[in-house]
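This one's a predicted model, so the numbers in the text were calculated from it and none came from an experiment.
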Amino acid sequence: MFRVAGSVTASRLSAVCCRTVTAKQFQVHGASLHVLSSETSRKSRNGPAHHRIPPSWQSVRTMASAGDSQAKINYIFYGLAVLFGGGGIIYYMRETSKDGNKTKKSTAAVPAESKEATEPVSEKPTSETTKSEAPPAELPPTETPAEAAAPDAESKKLLDAMPQSYPDYEVMPDIPGHAKYLLIGGGTASFAAFRAIRASDAKAQVLVVTEEEELPYMRPPLSKELWYSDEPKLVEKLKFKQWNGKERSVYYNPPSFYVEPKELAYQENGGVAVVKGRKVMKLDPQKQVAVLDNGWEIFYDKVLIATGGRPRNIPVFERASQEVKDRVTLFRGIKDFKRLDEVSRNASTIVVVGGGFLGSELTCALGKRSRDSSLKVIQMFPEPGNMGKVLPEYLSQWTTAKVRGEGATVKPETFVKRARFSDGKVILKLNTGEEISTDHVVVAVGLEPNTELAKESGLEVDDTYGGFRVNAELEARSDIWVAGDASSFYDIKLGRRRVEHHDHAVVSGRLAGENMTGARKPYWHQSMFWSDLGPDVGYEAIGIVDSSLPTVAVFAKATEKDTPKAVVEETGESLRSVTETEAEATLPTKEETVAAVSGETTAPPEVEIKDPSDPASATGVEPSASEKTESATDEEPAPDVEAAAKLVAEVETENRVAPTPKEDYGKGVIFYLRDDIIVGIVLWNLFNRMPIARKIIKEGKQHQDLAEVAKLFDLHADED
């Protein structure tokens, strides 16, 4: 980037690639000269020749055609800097008089007192030849002027000591033309990635491009704590009070943490810049360039795709009239929260379609708000109960009763067949024949991964799970990684998966960031997810939790410490993915595990074992002989401690029925089995035990006496 003193035209200027220096920027003949560092980027792009592939000379020409001659000069020399790799290259300027005679060439480098300095510095006569006008061709070594030789020790010392100054701010491009680390998407995965990158590369310059007009923020509070605040002005600032009363913002970092995108290249100690309101339309993996929706091109060395997902709609609303569509919210981000928050303060009826995590959380939140107003909240979903795709049926039914207790009307096994607009209301025709009139509809039925980049960029999409298909290191192609909701990754323990939860965005984003700096680590750390139905009931899960899998649960009496509110009060952190990661959980030793399995330890009292098909556990009545089948495994002497831990004395597989939903499931652990191996675990009102669950899943062992395995979670730790 240059600011040239005097009235000159582009045709009277030429640039010669002369030498590489360590100084970032200095003044030459009154011109503010910016030199991007490219030493590391050249190494990662297979040498200077590849680094100098023109991103788009047409774009440079377009910029040069706009504005007066001064603007043309500024943009042309900025374009030259990009064309020559943006780095480590000083461009000497030659001026010619109006009659075409060569006049002078500036060679000295001195500190500038101001970026508007116009006083000339020491000069030398120009050489006898001039080079052609822009765009310049790369000069062979024999054509390099003598003055371009490497600086002597004294000059190098002077250059290294010079303070950094910015070029003319007005002519700096809003978006850099090169980024060593480019992150596409501004969500949690990108946040975790740039933290990991900066931890490994302290001077890394990271550029984030996001479609949203927001800095990176956390999504969980949008359906949880923000709705329980009694201070509207606090909510307007997107701040909330955690269950322990501590105030915090949904934004991960304040604005002061970030660098302006146009200033990113000038940060000696690196930084993170966010380009808001822009979408990356295409990647060229060979040229390593990203194309934005405005045509701007960004060269990158490493790129992360963290585009997340978009809320899934249902056909009945997609086909509806515009009046209906205008009254439907597909809940996902800050904009959706603000809209629903405003609607809920004025509407008389809101319908929530969806019985999963998000739908149930929003229903509880809106139900709580309805207690102090005339608002009526109705939730409907096709499953028999809330979280019916995740929780065992008896626990799903219990959860439905809990949601109703929050003030909402819940309609299981119900879905919308038609939607129309009449008299200012949305009229919903249900499968039951009933019609409901509502002011607004919230659709929370999952996500569709954002994979628009795939087709134009030559990236593979997983036909089964959706998302970009990546390997265990989260790499889609060379120097291209994918993290978060949009990644279909290979889990070395559980196989190929795609996960749509906050903690997975944290874990996968962090791993991708580490691998972008050369770690080459596989994905093995099992992410967890959690959901709170208000401050008193919450659960955490890990692995594959699918209600279609066989489950066995062990419950115990809850205490006052077994609530989401209590764990936040204890840890000071509402993001339980953080508290669980930091929890110092110590697993029992092998000897203790052997003792537990062999029965040498006494089981705590009042342990209730639940199997969704067990009439004995539900009613206390032993099933008849015709209702059960028996199988047993032979006991063998344990050859060593580890083998002994695997032994089971006797196992019964029975035809069982679900417990009544009226039971109070205080706290417990639910195991999800596949081929007698625990592949998923839900901790019900049981906190700071996730490291134990994570290790059990990681080991991938067969556990046939799950009551003994449940002892590892110390269900009675807080009982008197």
Side-chain angles (χ1 to χ4, degrees), residues 1 36 55-56 58-60 62-63 66 75 78-79 82 86 169-191 193-194 197 204-217 219 251-253 255 257-267 271-285 287-311 332-336 448-457 459 468 479-486 505 509 512 516:
M1 177 74 68
L36 297 170
S56 172
Q58 289 79 6
S59 62
V60 175
T62 301
M63 288 188 293
Y75 283 126
Y78 172 74
V82 175
Y169 195 85
E170 293 182 359
V171 299
M172 293 166 63
D174 292 331
I175 304 174
H178 172 262
K180 183 177 180 181
Y181 300 102
L182 175 63
L183 311 183
I184 303 173
T188 297
S190 281
F191 164 74
F194 71 62
I197 290 170
Q205 295 175 347
V206 183
L207 181 65
V208 180
V209 179
T210 174
E211 292 184 58
E212 292 193 73
E213 295 289 349
E214 306 287 349
L215 294 172
Y217 63 91
R219 297 186 190 277
Y251 295 102
Y252 287 112
N253 299 109
F257 170 84
Y258 300 97
V259 177
E260 285 293 325
K262 61 170 58 181
E263 298 176 5
L264 180 62
Y266 298 87
Q267 306 303 310
V272 180
V274 180
V275 176
K276 296 181 287 186
R278 286 298 173 195
K279 181 178 181 179
V280 175
M281 305 299 293
K282 177 183 178 181
L283 293 178
D284 188 328
K287 293 181 179 180
Q288 292 182 266
V289 63
V291 182
L292 305 189
D293 53 358
N294 64 348
W296 187 260
E297 295 177 337
I298 303 174
F299 274 92
Y300 63 83
D301 294 348
K302 311 285 183 182
V303 63
L304 171 68
I305 299 174
T307 48
R310 60 185 179 277
R332 176 63 172 166
I334 285 178
K335 182 173 66 175
D336 306 315
E448 291 285 351
N450 286 325
T451 58
E452 291 94 340
L453 272 174
K455 185 176 181 180
E456 294 293 329
S457 307
L459 303 176
F468 297 91
D479 298 324
I480 301 177
W481 286 261
V482 186
D485 300 336
M516 291 172 77

**Report entry** Side-chain donor-acceptor pair present, Y252, T188, cut-off under 3.5 Å
**Finding:** yes
Quick one: does P216's side chain get under 4.5 Å of V274's, heavy atoms only?
yes
Residues A290 and L283: closest non-hydrogen pair is CB-CD2, 3.5 Å
Only residue of V289, V280, L207, I184 satisfying side-chain contact (heavy atoms from CB on, under 4.5 Å) with I298 is L207
Between the CG atom in L292 and the NZ atom in K279, the distance rounded to the nearest 0.5 Å is 12.0 Å
Below 4.5 Å, heavy atoms only, C-beta onward: do D301 and D479 meet side chain to side chain? no
Here the gap from M516 atom CE to K302 atom NZ, rounded to the nearest 0.5 Å, amounts to 8.0 Å
Residues A193 and L183: closest non-hydrogen pair is CB-CD1, 4.4 Å
- Report yes or no: does W481 contribute a side-chain atom to a donor-acceptor pair with the main-chain N or O of G509 at less than 3.5 Å? no
Q. Is a side-chain donor or acceptor of Q288 paired with a backbone partner of D284 at a separation under 3.5 angstrom?
A. no
For Y251, the side chain to side chain donor-acceptor pair (under 3.5 Å) test, sequence neighbours excluded, returns E214
(message) Tell me if a side-chain donor or acceptor on T451 pairs with a main-chain N or O of F468 at a distance below 3.5 Å.
(response) no
Minimal heavy-atom distance between A204 and Y181, with the atoms involved, is CB-CE1, 3.6 Å
**Prompt:** Judged by atom type as modelled, is there a donor-acceptor pair below 3.5 Å linking the side chain of S457 to the main-chain atoms of L459?
**Reply:** no
What one should report as the nearest heavy-atom pair of A189 and L304 is O-CD2, 4.3 Å
In this structure, OH of Y300 is separated from NZ of K180 (nearest 0.5 Å) by 15.5 Å
message: Between R310 and E452, does any side-chain N to carboxylate O distance fall below 4.0 Å?
response: yes
d(L264 CG, I175 CD1) to nearest 0.5 Å is 12.0 Å
Output for pair (F194 CZ, Q205 CD), nearest 0.5 Å, gives 15.0 Å
Minimal heavy-atom distance between A486 and P449, with the atoms involved, is CA-CB, 4.1 Å
Closest non-hydrogen atoms of R278 and V275, given as atom of the first, atom of the second and distance, are CG-CG1, 3.8 Å
One should read off an interatomic distance between I305 CD1 and L453 CG, to the nearest 0.5 angstrom, of 5.5 Å
Between I334 and R219, is there a side-chain heavy-atom distance shorter than 4.5 Å? no
Inset, instruction - Look only at the side chain of S190 and the backbone of A306, and say whether a donor-acceptor pair between them is shorter than 3.5 Å. - result: no
